[in-house]
Amino acid sequence: MFKRMLERAATVLSDIYKHSFNHQLQQGTLPQAVFRHYLEQDALYLRDFATTLGKISGRLDDPAHAQQLRQ
């Protein structure tokens, strides 16, 4: 199944690997302001994602699954 997923995502993955952000990050030439903006946006996303997982965990019947999402 994973192999099929990789095959279907090959074009998208190729574009991601070729993206200038990733090349500059790898080479250490990404402007600091661009990297800072990325980190700020990532922090906002992760905060909201964690909040969402917490809300979902409160709706689950299985305590083990709820605990897994809270962690």
> Please enumerate all residues that pass side-chain contact (heavy atoms from CB on, under 4.5 Å) together with Asp42, with sequence neighbours excluded.
Tyr38, Tyr45, Leu46
> Does Gln24 CD have over 12 foreign heavy atoms under 6.0 Å away?
yes
> Nearest 0.5 Å please: distance from the NE2 atom of His19 over to the CG atom of Asn22.
7.0 Å
> Check whether any side-chain N or O of His23 sits under 3.5 Å from a backbone N or O of Tyr17 as a donor-acceptor pair, and report yes or no.
yes
> Quick one: does Ser57's side chain get under 4.5 Å of Gln67's, heavy atoms only?
no
> Within this structure, what is the CG-CD distance for the pair Leu60 and Gln68, rounded to the nearest 0.5 Å?
10.0 Å
> Has the side chain of Ser14 got a donor or acceptor atom that lies under 3.5 Å from a matching backbone atom of Ala10?
no
> Treat each ILVMFWY residue as a node, draw an edge where side-chain heavy atoms are under 4.5 Å apart, and state whether Leu44 and Phe49 are in one component.
no
> Under 4.5 Å between side-chain heavy atoms, hopping through other hydrophobics if needed: is there a path connecting Leu25 to Val34?
yes
> If you count every heavy atom of other residues, nucleotides or ligands that lies below 6.0 Å from Gln26 atom CD, does the total exceed 12?
no
> Minimum heavy-atom separation for Leu13 and Leu6, please, with both atom names.
CD1-CD2, 3.9 Å
> Evaluate whether atom CD of Gln32 has more than 12 neighbouring non-hydrogen atoms of other residues, nucleotides or ligands under 6.0 angstrom away.
no
> Enter the distance from Leu69:CG to Lys55:NZ here, rounded to the nearest 0.5 Å.
14.0 Å
> Supply the atom-to-atom distance Arg36 CZ to Glu40 CD, rounded to the nearest 0.5 angstrom.
7.0 Å
